[in-house]
Amino acid sequence: MWRRMLVAVILSVLLVPVFSDAVEDKNPTWNEFDGLAGQLLQQLKQGDIDNAKQTALVLSNEMNVYPFSEEEWTLSSMRTLVTTFESAYEALFAEDVTTEEQVRLAMALRLSTDAVQQVNQPLWNQMDRQLLDSLDRISAVNDPFQSQQYMYEVNRTLQLYETVRPAVLISKGYEQVSELDAMHYKLQEQQLSQVEIDNHLDAMRHEYLTLFAFSSVETVDPGLYVVMFIIGTPVFLTLSYVGFRKFRGQRKKVKQNE
């Protein structure tokens with residue numbers, strides 16, 4: 001499906017419609033498309049799957065007829081939009097995808113539809129604190145005795161990054177994203193020492209601070225807080241449990257020494 005949709009998008013850019021004046025008023029605007037992406041996200045957060053599927057079908061139809069030839073977007077941006085929508089669409093109609101993942105992919109779509117229009121204040125720029133906090137959580141479990149928890153936090157951080165990645169790709173380009181890709185995947189290398197991990201996390205913090213410094217955010221979309229809560233709650237609960245076990249182990253060790 002996504003291949004056909006991508007071909008349709010590219011053709012809409014390369015071919016000038018013969019009857020463009022006659023159908024001009026019928027073409028959807030990007031504000032309408034962006035609004036539908038936001039509506040899809042809200043419906044999924046509310047558990048309204050049936051209406052979310054209907055919205056996704058409308059989005060699919062509008063993607064096919066949208067006048068991309070009138071926009072000054074790169075083919076890379078349009079390809080990213082199409083593949084991001086396809087991921088959200090397929091997850092919505094799949095039976096083996098969790099609600100959390102459906103919401104996350106819908107958020108990726110919402111951030112992407114916004115990124116093609118917002119140059120100075122994109123929504124994805126509001127995710128800075130969450131990404132930086134996720135690096136702090138990795139640092140907190142950078143311990144040979146917590147290797148499983150370490151990989152859990154690395155994967156959670158990667159998942160959060162992949163939510164904003166399509167929008168960052170649209171806004172900043174492949175060079176910026178490829179650098180972040182390499183940094184995230186390096187964290188999964190098993191042979192890294194604790195010192196190397198700490199140094200690498202510092203480099204990632206610097207990279208993210210540079211990335212998010214390019215714009216100033218005056219307002220925050222309330223919908224982002226809900227998604228952040230959905231993604232972050234399992235992490236908080238797990239860390240609380242691990243912290244309790246570590247505290248109990250330390251107390252036991254002290255008693256044995258006494």
Side-chain angles (χ1 to χ4, degrees), residues 2 5-6 9 12-13 27-46 52 55-92 101-132 159-174 176-177 180 208 210-232:
W2 74 268
M5 188 178 295
L6 182 57
V9 169
S12 71
V13 175
N27 288 332
T29 67
W30 193 254
N31 283 336
E32 293 171 347
F33 192 90
D34 193 33
L36 284 170
Q39 179 177 318
L40 173 65
L41 177 61
Q42 290 296 328
Q43 289 168 336
L44 284 174
K45 289 190 298 186
Q46 295 168 1
T55 301
L57 291 172
V58 174
L59 277 168
S60 178
N61 292 333
E62 294 211 356
M63 179 76 80
N64 287 325
V65 300
Y66 186 81
F68 287 96
S69 59
E70 299 176 6
E71 303 288 356
E72 298 181 355
W73 303 334
T74 64
L75 288 177
S76 174
S77 294
M78 289 185 286
R79 181 169 60 248
T80 300
L81 281 170
V82 171
T83 54
T84 304
F85 169 74
E86 183 64 21
S87 296
Y89 185 94
E90 290 182 351
L92 184 58
E101 181 65 3
Q102 290 174 337
V103 172
R104 189 189 69 79
L105 291 171
M107 172 58 74
L109 175 63
R110 176 69 182 89
L111 296 175
S112 298
T113 57
D114 171 81
V116 296
Q117 293 188 111
Q118 300 296 332
V119 177
N120 296 321
Q121 294 183 352
L123 286 176
W124 65 261
N125 201 54
Q126 301 173 14
M127 303 288 284
D128 56 343
R129 189 67 263 162
Q130 286 64 45
L131 282 162
L132 292 171
Q159 185 182 53
L160 184 59
Y161 166 65
E162 289 177 342
T163 303
V164 303
R165 184 185 185 278
V168 175
L169 179 58
I170 292 172
S171 296
K172 305 297 290 181
Y174 178 75
Q176 177 79 72
V177 166
L180 289 169
Y208 270 124
T210 302
L211 172 67
F212 289 112
F214 88 96
S215 68
S216 59
V217 180
E218 297 178 356
T219 59
V220 177
D221 183 357
L224 287 176
Y225 287 127
V226 178
V227 177
M228 294 167 191
F229 176 79
I230 292 174
I231 296 175

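Residues take their numbers from the sequence shown, with the count starting at 1.
Of the candidates Leu57, Leu59, Thr84, Leu57 is the only one forming a side chain to side chain contact (heavy atoms under 4.5 Å, CB included) with Tyr89.
For the residue pair Leu81 and Met63, the shortest heavy atom distance occurs at O-CE, 4.2 Å. The heavy-atom pair separating Ser77 from Ile170 by the smallest distance is OG-CG2, 3.9 Å. Residues Ala106 and Leu44 share a closest heavy-atom pair of CB-CD1, 3.6 Å.
Qualifying side-chain hydrogen bond (donor to acceptor under 3.5 Å, both in side chains) partners for Ser76, counting only residues two or more places apart in sequence or in other chains: none. Here Ala37 pairs with Leu109, Arg110, Thr113 under the side chain to side chain contact (heavy atoms under 4.5 Å, CB included) rule; sequence neighbours left out. Residues meeting the salt bridge (Lys or Arg N to Asp or Glu O under 4.0 Å) test with Glu162, sequence neighbours left out: none. Applying the side chain to side chain contact (heavy atoms under 4.5 Å, CB included) criterion to Gln39, with sequence neighbours excluded, gives Leu36, Gln43, Thr55. Residues satisfying the side chain to side chain contact (heavy atoms under 4.5 Å, CB included) criterion with Ser87, sequence neighbours excluded, are Leu105.
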Item checked: Steps toward side-chain contact (heavy atoms from CB on, under 4.5 Å) verdict (Ser112, Val116) -> CA-CA 7 Å; Ser112 298; Val116 296; over 6 Å; no
Item checked: Pair Tyr208-Leu180, side-chain contact (heavy atoms from CB on, under 4.5 Å): steps then yes or no -> CA-CA 9 Å; Tyr208 270 124; Leu180 289 169; 4.0 Å; yes
Next item on the list: For Tyr161 and Val177, run side-chain contact (heavy atoms from CB on, under 4.5 Å): C-alpha distance rounded to whole Å, both residues' side-chain angles, the deciding distance at 0.1 Å, then the answer.
Entry: CA-CA 10 Å; Tyr161 166 65; Val177 166; 3.7 Å; yes
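For the salt bridge (Lys or Arg N to Asp or Glu O under 4.0 Å) condition, the pairs that include at least one residue of residues 122-132, sequence neighbours left out, are Arg129-Asp133.
At least one donor-acceptor pair under 3.5 Å links the side chain of Thr83 to the backbone N or O of Thr80.
In this structure the side chain of Pro166 never reaches within 4.5 angstrom of the side chain of Trp124, judged on heavy atoms. Residues Phe212 and Leu131 meet the side-chain proximity criterion, which asks for heavy atoms closer than 4.5 Å.
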